[in-house]
Protein chains: 2
Amino acid sequence: MARRPLAPNRRSDTRERILESATILFGTRGFDSVSLDQIAAEVGVAKQSLLYWFASKDDLIQAVLVNMAAELTVVVEAAIRSAPDMPLDRLEAVIHAVFRPAVRRPALLGLLRELSRLPTGAAEHLTEILNPLVTRAETWLRTEMQAGRLRQGDPSLIIALVYATVAGIATEPEALRVVGWSQDVIGLRKLRNELTSFLRAALAPS
Amino acid sequence: MARRPLAPNRRSDTRERILESATILFGTRGFDSVSLDQIAAEVGVAKQSLLYWFASKDDLIQAVLVNMAAELTVVVEAAIRSAPDMPLDRLEAVIHAVFRPAVRRPALLGLLRELSRLPTGAAEHLTEILNPLVTRAETWLRTEMQAGRLRQGDPSLIIALVYATVAGIATEPEALRVVGWSQDVIGLRKLRNELTSFLRAALAPS
DNA sequence: ACGGTTCTCTACCAAATGGTAGACAATCTC
DNA sequence: GAGATTGTCTACCATTTGGTAGAGAACCGT
């Protein structure tokens with residue numbers, strides 16, 4: 001005796017609502033710390049409805065990650081296309097693009113922190129999506145360096161450092177409270193700006 | 001019928017062995033993903049021996065964190081005392097000091113990533129230990145800036161950014177494999193060096 | 001020698017977890 | 001209107017989890 005009748009439109013939006021809630025919960029508290037029951041309660045459905053849309057918890061995790069990777073890809077690609085031509089300005093535009101969805105939904109970047117604890121099989125799928133993005137950024141950096149518009153350096157290392165910093169910033173603001181800061185002093189936006197100014201200083205051609 | 005007789009020396013070293021194994025497991029896989037059974041198996045004792053030395057899992061977590069914080073404090077203080085007088089050199093020495101225990105035991109920095117998921121009550125205790133360290137670094141940076149030996153900036157933001165980067169680097173190397181890098185290309189040591197060179201570029205007096 | 005302390009163990013337990021089976025209602029197709 | 005499809009639910013289950021109870025061995029001080 002299903003109490004909630006089907007929505008008037010043909011397809012239900014339950015899948016999207018599950019993905020959204022799961023993204024937030026997984027991003028803030030981690031895969032293993034969030035149970036299917038908690039996600040279901042957040043969405044407002046029974047746990048078995050989750051398992052109707054996603055065959056297992058690992059499936060749901062994978063879907064959340066692919067979703068996040070796709071969203072990041074879109075905003076980054078858009079930023080690259082529309083950004084100014086000067087490499088440092090373009091770099092700043094991309095950084096801002098990465099942070100923009102996170103300003104509205106900080107949990108998105110929190111997922112980056114979880115990349116080291118993927119369910120088996122999810123890694124390959126994600127690599128397929130993220131690797132082209134990274135490779136593209138790498139070749140772009142290298143080209144600009146050879147043109148003398150950026151200081152010489154190892155593109156892989158630079159990207160890795162930026163990635164690590166963004167993932168680390170995503171552990172905020174909870175972690176920073178522990179060492180004695182408030183969110184007012186250290187905000188996501190301030191940290192993003194500090195990161196870009198660091199990048200400018202480190203990469204400006206000498 | 002305890003099969004293993006007591007060690008010849010009076011105090012058993014079980015507590016230390018538990019702390020060491022718990023540090024590695026918690027640091028690599030997170031608090032919630034590691035069960036007491038797994039830690040006990042790693043140490044080679046029964047789970048109930050864990051609960052003899054630590055009243056609960058939260059107690060063990062807190063002990064691990066306090067241990068880590070104390071170790072970090074020691075190496076940082078030592079680096080500050082013995083480091084050269086030039087602020088950028090001293091900064092580099094401190095960064096190296098923070099990474100040194102991690103080179104031998106990467107899981108130690110992984111704990112930083114877990115600071116946002118503390119059991120209730122552990123936060124205050126940790127703040128007591130870490131906050132003085134941060135405050136001291138902050139005032140030191142401010143003094144050097146006023147003396148014109150470092151570029152002007154917000155000390156809190158700089159420290160937060162460095163902290164975020166270190167915590168992010170700690171999510172390596174697993175996470176970086178996902179975006180298509182090998183550990184050979186991006187190592188802990190290389191990232192550390194890149195971080196210090198970024199800091200030098202960003203903080204050198206103009 | 002003996003009683004207390006220290007330390008480790010086996011045996012359980014209640015709760016939570018991911019997942020299965022299957023009933024049932026609303027809708028679509030014909 | 002009949003049957004298939006879609007979507008949600010209740011009921012249940014095996015396993016794992018953090019934690020308790022308590023026995024017993026080795027060692028200590030006296």
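In the text below, chain A, chain B and the rest are named by the order of the sequence lines, each starting its count at 1.
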So, do [X] and [Y] sit near enough that their side-chain heavy atoms are less than 4.5 Å apart?
X      : Y      : value
A:Q62  : A:F54  : no
A:L161 : B:I169 : yes
B:L60  : B:L36  : yes

Which listed nucleotide ([options]) is nearest to the side chain of [X]?
X     : options               : answer
B:S49 : D:dT8, C:dG19, C:dC9  : C:dC9
B:T14 : D:dG19, D:dT8, C:dT8  : C:dT8
A:W53 : C:dT10, D:dT8, C:dG19 : D:dT8
B:Y52 : C:dT20, D:dT8, C:dC7  : C:dC7

Derivation of the side-chain contact (heavy atoms from CB on, under 4.5 Å) call for A:N131 and B:V178: CA-CA 8 Å; A:N131 198 18; B:V178 176; over 6 Å; no
Members of residues 20-41 of chain B that approach DNA chain D, where some heavy atom sits under 4.0 Å away: B:V34, B:S35, B:L36
Sub-4.0 Å heavy-atom contacts from residues 54-67 of chain B onto DNA chain D, ordered by number: B:S56, B:K57
Interatomic spacing from CD in A:E144 to CE in A:M86 - rounded to 0.5 Å: 8.5 Å
From B:L109 atom CG to B:L72 atom CG, the distance as rounded to the nearest 0.5 Å: 7.0 Å
CA sep, side-chain torsions, deciding dist, call: B:R189, B:F99, side-chain contact (heavy atoms from CB on, under 4.5 Å): CA-CA 8 Å; B:R189 195 146 42 188; B:F99 274 88; over 6 Å; no
Atom pair distance, as rounded to whole Å: CG in A:L51 and P in C:dT20: 7 Å
Atom-pair distance (NZ on A:K47; P on C:dA16), nearest Å: 12 Å
B:F26 and B:F31 aromatic centres sub-6.0 Å: yes
